[in-house]
**Student:** 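Below you'll find the structure I mean.
Every number for a ligand or one of its atoms is a count from 1 in the order of the listing. In this text the structure is predicted, and so the values were computed from the model without any measurement.
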Amino acid sequence: MKKIIFYLMFAVSLYSQAINANSQQLLQLIDYLGVDYAGAVEQGRVINEAEYKEMLDFSAGIHQQLAALPDNEVKDELLMQGAKLSQWVRDKKPAQQIKSLTDTLHSTIISVYNITVTPYAQPELKQAALLYKQHCASCHGVTGEGNGAAALGMDPPPINFHDINRYQQRTLYGLFSTITQGVAGTGMTAFTELTDKQRWSLAFYVGSLAVKNDIKPNDVNHHPLADMTILTTITPAQAKAQYGEQGEQVMTFLRSHPDALFTDKTSPIEFTKQKLRDSFTAYQKQKNDLAYQLAVSAYLDGYELIEKNIGALDKQLMFDIEAAMTDLRNKIRSTASIDSVDNQITTINKKLDVAAALLTSKSLSKEATFAGAFFILLREGLEALLIVAALVAFLVKTKRLDGLRYIHFGWVSALIVGILTWWASVSLFNISGASREITEGIAAIVATVVLLYVGFWMHDKTSAAKWKSFIDDNMHKALSSGTLWTLSGLSFIAVYREAFETILFYQALWVQTGPDGQAMVFSGFITAAAVLVVVGWLIMRYSVRLPLRQFFAVTGWLMFILAIIFAGKGIAALQEAGVLMSYPVNFFRVDLLGIYPNLQGLLLQFVLIVLALFLLRKKSN
Ligand code: HEC
């Protein structure tokens, strides 16, 4: 059992996105050529021989790497531009001309090959300042002027981040790539030991040292630059050229306050739409796997977080959107026509708009927030509570009070680990919605197996005589440690499965309401917790009063029913994560009972029921 728990934790932490290192390196080369060329050639003459040689090298490298890109309809065009770039460098064309060509190449590659150019998590500049002192100050200097102790005599010297001309020419994504990949042949190594989020935080930090702007310009959040993809891929000089003084101000402000972008823009609905757009773009380029992944992410990392809030307002709409998203995934899987995928996304978007309007008009009401907070906990907590209460009742009934601490250890540590997992997911790794569902699905399936086992074991003892002898036998010796750890593990899995997700739902609810609503979130939470405590107490009180035989029959059946519910939920979670196919069938759906209208889940539940009835019959004969 302990091993399984460890595996679950690892499954969560190891699941991370693969980076397309090759294209990142290509982009870095292009970026460098654009920025450094001005230091090599002036007015048609070479002013720095070594630098110019490097530029020739770079342009040849770019051409070569362009040729190695996967084929698609714009590749020929890209190759032509690459050839042109080499030619222009040989012709010592003006720096401005080179820069505009590299900028075009850069942005075309990013959009055509769907390269991720934005941080997944909000960059933290305070954390970055500490990391900077620790890892970078020795070369780049404490204040970033390139004059650290280790910089003496270093060739090439570390960059001075206060160099305003260089700052004007650098994109945040360019800085991020340099920190990620390093610069071959210089003191600047790849900082692969830092997480993605830490490297992004550092990019924002060093990218805002030259110019600081702490005064929030008007209308920041409606400015075109208030878009992560644009903010990270254009330079301050371009921002000024395209959006004037205001653009320059917005850019300097956002570089030192990335949080301004994250708080106002993480509406899960917007996020969902963005992912759907990305998914469609990928599908158009025949990158079906990527399109599928993005469609899964649209659902799990966006929509699912507010699904319950929508459900509280309009249940049918909630199911409609979910079904439409499933259809989309099935279409992508079965390589439907581009038009039909496009139509499907339009359908989803329309429904999402309805949901968004509903949420802004209604969800801010105190009642809805309260109801949301109340039902989230009640729903997520009820199954866990049933299991823990039944286990406690079992020990009380069999007079094995010494085993209680194992049960308590199980659920308390599940709460702690759940909180840690949530914390890790938002601050350390990017645990995607898909890996969250995989963890949940595996936990549910494991719980199914253990519950079945425990259920049969209890049922097996329904003859009072058997129990009497079991209790008498065990009264004076400790329960075996295997049994105790099974109980502990079951109590852990039952709670862990729900804890992490409950926190995520609360987080989503929290960002959607104002200060008034947040008081309602608390009230909803506390009321639901109180209801759970009362239900738990009732179960224990009345179940313990049952005669032995009935007690074991009832708890045995309870475990068994929960096992079937978990089986359905586990399958559904794995389907949502996209690791299991889903064949929709015409059947009703009851979330609470783990009944979902798909063939795999229903079939498994059916098999379990038949198996159980068969075994129980055999036992009672
Ligand atoms: C051992 C010395 C050294 C350390 C430590 C170091 N750097 Fe550098 N860094 C350099 C050198 C040298 C360059 C210039 C490379 C070149 O000329 O292309 C550079 C370049 C850069 C650039 C490119 C800037 C631009 O405008 O192109 C960035 C960004 C950067 N470093 C960030 C960092 C960060 C962040 C850290 C700490 C995590 C760090 N560096 C640690 C030596 C170092």
**Student:** Which atoms of ligand 1 have any heavy atom of Pro157 under 4.0 Å away?
**Tutor:**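 In order of number, 12 (C), 14 (C).
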**Student:** Does ligand 1 have an atom that lies less than 4.0 angstrom from a heavy atom of Phe161?
**Tutor:** yes
**Student:** Is there at least one pair of N or O atoms, one from Thr186 and one from ligand 1, spaced under 3.5 Å apart?
**Tutor:** no
**Student:** Please determine whether the number of non-hydrogen atoms from other residues, nucleotides or ligands lying under 6.0 Å from atom CZ of Phe191 exceeds 12.
**Tutor:**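 For Phe191, atom CZ is crowded (more than 12 foreign heavy atoms under 6.0 Å).
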**Student:** Check Tyr32 against ligand 1 and report side chain, backbone, both or neither, counting heavy atoms closer than 4.0 Å.
**Tutor:**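 Only the side chain of Tyr32 comes within reach of ligand 1.
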**Student:** May I ask you to decide if the ring planes of Tyr243 and His223 are parallel, tilted or perpendicular, using 30° and 60° as cut-offs?
**Tutor:**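 Aromatic pair Tyr243/His223 classed perpendicular.
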**Student:** Do Tyr299 and Glu307 meet the criterion of a side-chain donor-acceptor pair at a distance under 3.5 Å?
**Tutor:** yes
**Student:** Would Gly207 count as a contact of ligand 1 if the rule is a heavy atom under 4.0 Å away?
**Tutor:** no
**Student:** With a distance cut-off below 6.0 Å to the six-membered ring centre and an angular limit of 45° from the axis, does Arg170 pair with Tyr32 as a cation-pi contact?
**Tutor:** yes
**Student:** Count the heavy atoms of every other residue, nucleotide or ligand shown that sit under 6.0 Å from CD of Gln286, and state whether that count exceeds 12.
**Tutor:**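 Open: at most 12 neighbouring heavy atoms sit under 6.0 Å from CD of Gln286.
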**Student:** Of all the non-hydrogen atoms in the protein, which one sits nearest to atom 29 (C) of ligand 1, and at what distance?
**Tutor:**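 The closest heavy atom on the protein side is Leu175 CD2, 3.7 Å.
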**Student:** Strictly under 2.8 Å, how many protein N, O or S atoms lie near atom 8 (Fe) of ligand 1? Waters don't count.
**Tutor:** 2
**Student:** For ligand 1, indicate whether the residue Tyr132 contacts it via side chain, backbone, both or neither (heavy-atom separation under 4.0 Å).
**Tutor:** neither
**Student:** Is ligand 1 under 4.0 Å from a heavy atom in the side chain of Ala151, in the backbone, in both, or in neither?
**Tutor:** neither
**Student:** Of all the non-hydrogen atoms in the protein, which one sits nearest to atom 26 (O) of ligand 1, and at what distance?
**Tutor:** Arg166 NE, 2.6 Å
**Student:** Identify, by atom number and element, the atoms of ligand 1 in contact range of Arg170, meaning under 4.0 Å from any of its heavy atoms.
**Tutor:**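 What qualifies from ligand 1 is 25 (C), 26 (O), 27 (O).
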**Student:** Show me which atoms of ligand 1 lie under 4.0 Å from any heavy atom of Leu202.
**Tutor:**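 What qualifies from ligand 1 is 38 (C).
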**Student:** Where is the nearest protein heavy atom to atom 5 (C) of ligand 1: which residue, which atom, and how far?
**Tutor:** His135 O, 3.3 Å
**Student:** If you take all heavy atoms of Gly61 and Leu29, which pair is closest and at what distance?
**Tutor:** C-CD1, 4.3 Å
**Student:** Looking only at heavy atoms, which two atoms of Thr233 and Tyr173 are closest? And how far apart?
**Tutor:**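 Taking every non-hydrogen atom into account, CG2-CB, 4.5 Å.
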**Student:** Please report which non-hydrogen protein atom sits nearest to atom 12 (C) of ligand 1, along with the residue it belongs to and the distance in Å to one decimal place.
**Tutor:** Pro156 O, 3.4 Å
**Student:** Between Arg277 and Gln274, is there a side-chain donor-acceptor contact under 3.5 Å, judged purely by atom types and distance?
**Tutor:** yes
**Student:** Kindly give the heavy-atom pair with the smallest separation between Val183 and Thr186, and that separation in Å.
**Tutor:**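 Nearest pair, atom of Val183 first, then Thr186: O-OG1, 2.9 Å.
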**Student:** Would Lys285 and Glu73 satisfy salt bridge (charged side-chain N to carboxylate O under 4.0 Å, His left out), going step by step from the backbone distance to the final call?
**Tutor:** CA-CA 9 Å; Lys285 292 172 191 149; Glu73 70 273 21; over 6 Å; no
**Student:** Relative to each other, are the rings of Phe492 and Tyr496 parallel, tilted or perpendicular (30° and 60° limits)?
**Tutor:**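 If you compare the ring of Phe492 with that of Tyr496, the planes turn out parallel.
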**Student:** Residues in salt bridge (Lys or Arg N to Asp or Glu O under 4.0 Å) with Asp103, at least two apart?
**Tutor:**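 Partners of Asp103 by the salt bridge (Lys or Arg N to Asp or Glu O under 4.0 Å) criterion, ordered by chain and then number, come out as Lys99.
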